[in-house]
Engineer: 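I am attaching a structure below and will ask some questions about it afterwards.
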Amino acid sequence: MRDDHEEARLDALYQLKLLDTSPSESFDRITRLASQIFGLPVAAISLTDRDRQWFKSRVGVAHCSIPRDTAPCAQVAESSQLLVIEDFSADPCYADSVLGRAGTRFYAGAPLVTRDGYGLGSLCVLGTEPRKATDAELASLVDLAAMVMAQIELEHAFGRIDPVTGLPTRNQFRDDMADLERDHPGEQRFAIVVDMARDDQISRITRALGLARVDDFIREASQALRVSLGPGRIAYQVGNAQFAFISPPGVEQLAYVTLLKASFEAMHASSSVRFVTNVAIGVRSFIVGTVSADDVLRGAASAAQDARGTDNAIALHSPANDIAHRRQYGLLQDFGAALEAGDELRLMYQPRIELATGRCLGAEALLRWRHPKLGDVSPAEFIPIIEQTSHARPTTQWVLDTAMDQLVEWTPSGILPMLSVNISAANLGEADIIQRIQRALLTRNLPPGRLEIELTESAIMDQPDQALAMLRELARTGICLAIDDFGTGHSSLAYLQRLPARIVKIDQTFMQNLTEMHGPDFVLVETMIGLAHKLGYRVVAEGIETPEAAAILMQLGCEEAQGFWFARPMEADQFAAWLSDRQDDETAEPSYI
Ligand code: C2E
Ligand code: MG
Ligand code: MG
């Protein structure tokens with residue numbers, strides 16, 4: 001069994017991640033020099049692994065490793081001492097070694113020693129004749145070994161030290177977390193992320209003052225942070241203007257965070273661009289060894305984002321928020337596959353009823369997603385996530401095509417006059433959206449009056465000018481337009497008046513308490529219906545769950561309604577059956593009259 005020192009030595013070697021890497025000229029030129037100085041054909045940078053000597057660089061050697069057992073380089077690494085073997089055949093230890101048997105007679109090796117004193121291996125020269133080494137030759141060998149170590153440290157530091165602030169980077173954070181896991185498993189600690197400025201503030205400083213000024217700002221901030229953390233606590237640079245550090249053991253979270261806030265205020269006050277930036281701090285507590293370094297950082301950084309919305313600019317990592325963000329991200333990742341798979345998406349159809357007659361005038365196509373692992377995911381959850389991405393376009397196209405195919409299938413029985421399809425705000429920005437909608441109808445020989453496009457009031461108000469232009473063009477094609485979720489989107493009367501829509505669908509939230517005449521919701525709904533009528537719209541009430549609500553709406557002159565009380569959204573065949581049952585019954589008076 002090897003002792004503790006040997007394990008620590010091996011650990012130091014492994015952390016450098018040098019073993020089994022490709023040859024590199026920066027090391028080879030040192031090896032060549034060693035061979036020239038001694039006038040010998042063989043030289044190598046030889047690293048002492050658990051069971052082998054592995055050559056990072058070699059001159060005159062064919063193989064890239066030899067067994068560690070009886071290798072003189074292993075002795076150099078273990079002792080961290082210079083070793084010269086003038087004649088193998090006269091040396092009791094090495095006469096019968098692997099090298100000795102292969103014809104080596106001379107060896108000189110200088111140790112490669114880390115700053116912490118661990119011998120990693122040796123820079124060595126070998127000859128096939130016995131020989132002595134001069135003091136000058138050996139001094140050069142020691143110098144060259146120091147150059148090898150400098151090169152190793154330089155390459156190791158690359159990517160670990162931020163060039164602007166000189167702070168260790170995220171890579172170093174990961175390695176230091178691994179050390180923490182080894183040395184202090186089970187301890188309770190906090191990771192703290194300090195976000196110096198919002199992204200838009202950084203871009204504004206860049207535009208106004210230039211990149212060099214941003215570097216100055218980040219450098220100043222890092223120095224102030226180092227001072228306020230005190231000696232012994234390492235601050236890492238984990239993002240452009242983002243720093244992280246780990247709390248010392250045994251501190252109480254609230255006290256530490258309060259202290260931190262005071263220090264960050266001091267830090268903030270010392271920065272020359274403090275007036276144009278906002279600092280936010282995120283804290284994530286964790287038990288050492290139970291969470292990966294990346295998760296710890298992600299949690300604290302996401303808390304720092306949450307902190308932007310709070311008064312004191314400090315937020316603790318919330319597992320609930322984290323789970324929600326991760327689910328959203330996962331859904332977004334998986335939705336692309338759903339669009340390709342074809343069998344995860346389907347449409348359901350919810351009828352729209354004319355209140356005065358009880359007739360079904362049309363239906364709304366509602367998208368459904370059955371995720372292979374999560375099961376049914378509501379469009380209220382996934383649509384807001386995907387509609388901000390490049391998935392918006394193919395999704396709407398899929399819904400349009402599927403709904404129009406369904407209309408064609410239903411046409412011979414003449415059962416359904418019209419289908420409504422929802423489109424997203426993002427679709428308004430697609431230059432060819434109108435053509436694509438028209439093409440969906442034309443290729444199936446469907447008249448434009450069979451399709452209604454629903455766009456929410458808030459989507460319209462997101463880009464009012466773009467929406468108006470697009471909706472006007474759409475109206476010219478004869479396709480009917482509905483303003484969805486009306487009452488939730490802050491549109492002005494003046495704007496509403498200009499919209500070429502035919503229908504407004506009053507949002508379901510207004511219907512929930514519509515059980516009695518002259519209650520507060522009654523007044524609201526009455527006003528909305530009156531207003532919509534004055535502006536020339538036909539009114540549809542969404543989310544009707546009771547006969548009372550249906551009766552009130554009819555009295556208020558609302559033309560149509562949609563809701564669970566009439567029918568829930570149904571699968572295509574179920575909907576067709578529901579509709580034909582109902583048409584058989586057409587003469588019956590609606591039951592809410
Ligand atoms: P929406 O367009 O306002 O659709 C009406 C929503 O209300 C549907 O929810 C429907 O199932 C639900 N609903 C209908 N009657 C009742 C009722 O009586 N009570 C209650 N509580 N709810 C009722 P769903 O299908 O979950 O869709 C949610 C939203 O997702 C839709 O609201 C729409 O904005 C969006 N969405 C659905 N399908 C699509 C689509 O194909 N494309 C786009 N862009 N958005 C879609
Ligand atoms: Mg809708
Ligand atoms: Mg709606």
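For ligands, and for the atoms within them, numbers begin at 1 and follow the listed sequence. Residues: numbered from 1 along the sequence shown. For the numbers below, each heavy atom of this structure counts, side chains included, while hydrogens, waters and symmetry mates do not.
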Engineer: Provide, to 0.1 Å, the distance between atom 30 (O) of ligand 1 and the closest protein heavy atom, together with that atom's residue and name.
Structural biologist: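 Looking only at protein heavy atoms, the one closest to atom 30 (O) of ligand 1 is P379 CB, 3.6 Å.
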Engineer: Is atom 41 (O) of ligand 1 near the protein, in the sense that some protein heavy atom lies at less than 4.0 Å from it?
Structural biologist: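 Yes, because at least one protein heavy atom sits under 4.0 Å from atom 41 (O) of ligand 1.
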Engineer: Of the backbone atoms (N, CA, C, O) and the side-chain heavy atoms from C-beta on, which set of R568 has a member under 4.0 Å from an atom of ligand 1: side chain, backbone, both, or neither?
Structural biologist: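 For R568, there is no contact with ligand 1 at all, from either part.
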Engineer: Closer than 4.0 angstrom, basic N to acidic O: yes or no for R352 and E560?
Structural biologist: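 Here R352 pairs with E560 in a salt bridge, since their nearest N and O are under 4.0 Å apart.
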Engineer: Side-chain donor-acceptor pair under 3.5 Å between Q350 and R568, yes or no?
Structural biologist: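 There is no such pair (donor and acceptor under 3.5 Å, judged by atom type) between the side chains of Q350 and R568.
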Engineer: Between T509 and D507, do the side chains contain a donor N or O and an acceptor N or O under 3.5 Å apart?
Structural biologist: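 A pair is found: one side chain offers a donor N or O, the other an acceptor, under 3.5 Å apart.
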Engineer: Determine, using heavy atoms of E364 and all atoms of ligand 1, whether some pair is separated by less than 4.0 Å.
Structural biologist: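 Yes; E364 lies near enough to ligand 1 that a heavy-atom distance drops under 4.0 Å.
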Engineer: Tell me whether E340 contacts the main-chain N or O of A337 through its side chain, where contact means a donor paired with an acceptor under 3.5 Å.
Structural biologist: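 No, because the side chain of E340 does not come within donor-acceptor range (under 3.5 Å) of the backbone of A337.
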Engineer: Nearest to atom 10 (C) of ligand 1, what protein heavy atom do you find, and at what distance?
Structural biologist: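 So the nearest neighbour among protein heavy atoms is L366 CD1, 3.8 Å.
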Engineer: Fit a plane to each ring of W369 and H371, take the angle between them on a 0 to 90° scale, and name the class: parallel (under 30°), tilted (30 to 60°) or perpendicular (over 60°).
Structural biologist: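 Ring orientation, 0 to 90° scale: tilted.
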Engineer: Verify the distance test for N422 against the Mg ion (ligand 2): any N/O/S atom under 2.8 Å, yes or no.
Structural biologist: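 Short answer: yes, at least one N, O or S atom is under the cut-off.
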Engineer: Determine, using heavy atoms of M348 and all atoms of ligand 1, whether some pair is separated by less than 4.0 Å.
Structural biologist: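 Contact check M348 vs ligand 1: negative.
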Engineer: Is a donor from one side chain sitting under 3.5 angstrom from an acceptor on the other, for E364 and Q562?
Structural biologist: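 The answer is yes; a qualifying pair exists.
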Engineer: Which word best sums up how the rings of W410 and F575 line up, parallel for under 30°, tilted for 30 to 60°, or perpendicular for over 60°?
Structural biologist: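 The arrangement is tilted - the two ring planes meet at 30° to 60°.
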Engineer: Which is it for E387 and ligand 1 at heavy atoms under 4.0 Å: side chain, backbone, both or neither?
Structural biologist: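 Within the 4.0 Å criterion, E387 makes no contact with ligand 1.
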Engineer: Which N/O/S atom belongs to E364 and is the closest one to the Mg ion (ligand 2)?
Structural biologist: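 Checking each N, O and S atom of E364, the shortest distance to the Mg ion (ligand 2) belongs to OE2.
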Engineer: Any idea which of D507, T396, N422 brings a heavy atom closest to atom 43 (C) of ligand 1?
Structural biologist: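 Selected option, by shortest heavy-atom distance: N422.
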Engineer: Are any of the N/O atoms on R368, whether in the backbone or the side chain, positioned under 3.5 angstrom from an N/O atom of ligand 1?
Structural biologist: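 Yes: some nitrogen or oxygen of R368 is under 3.5 Å from one in ligand 1.
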Engineer: What is the closest protein heavy atom to atom 16 (C) of ligand 1, and at what distance does it sit?
Structural biologist: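 Looking only at protein heavy atoms, the one closest to atom 16 (C) of ligand 1 is F564 CE2, 3.1 Å.
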Engineer: Sub-3.5 Å donor-acceptor pair from the side chain of S458 to the main-chain atoms of G489, do we have one?
Structural biologist: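 No; judged by distance alone, with no hydrogens or angles, the pair does not exist.
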Engineer: Closer than 2.8 Å to the Mg ion (ligand 3), which protein N, O or S atoms?
Structural biologist: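 Metal shell, protein only: D484 OD1, D485 OD1, E542 OE1, E542 OE2.
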Engineer: Under 4.0 Å, heavy-atom basis, I'd like to know which part of V399 is in contact with ligand 1: side chain, backbone, both or neither.
Structural biologist: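 Contact part for V399 vs ligand 1: side chain (C-beta onward).
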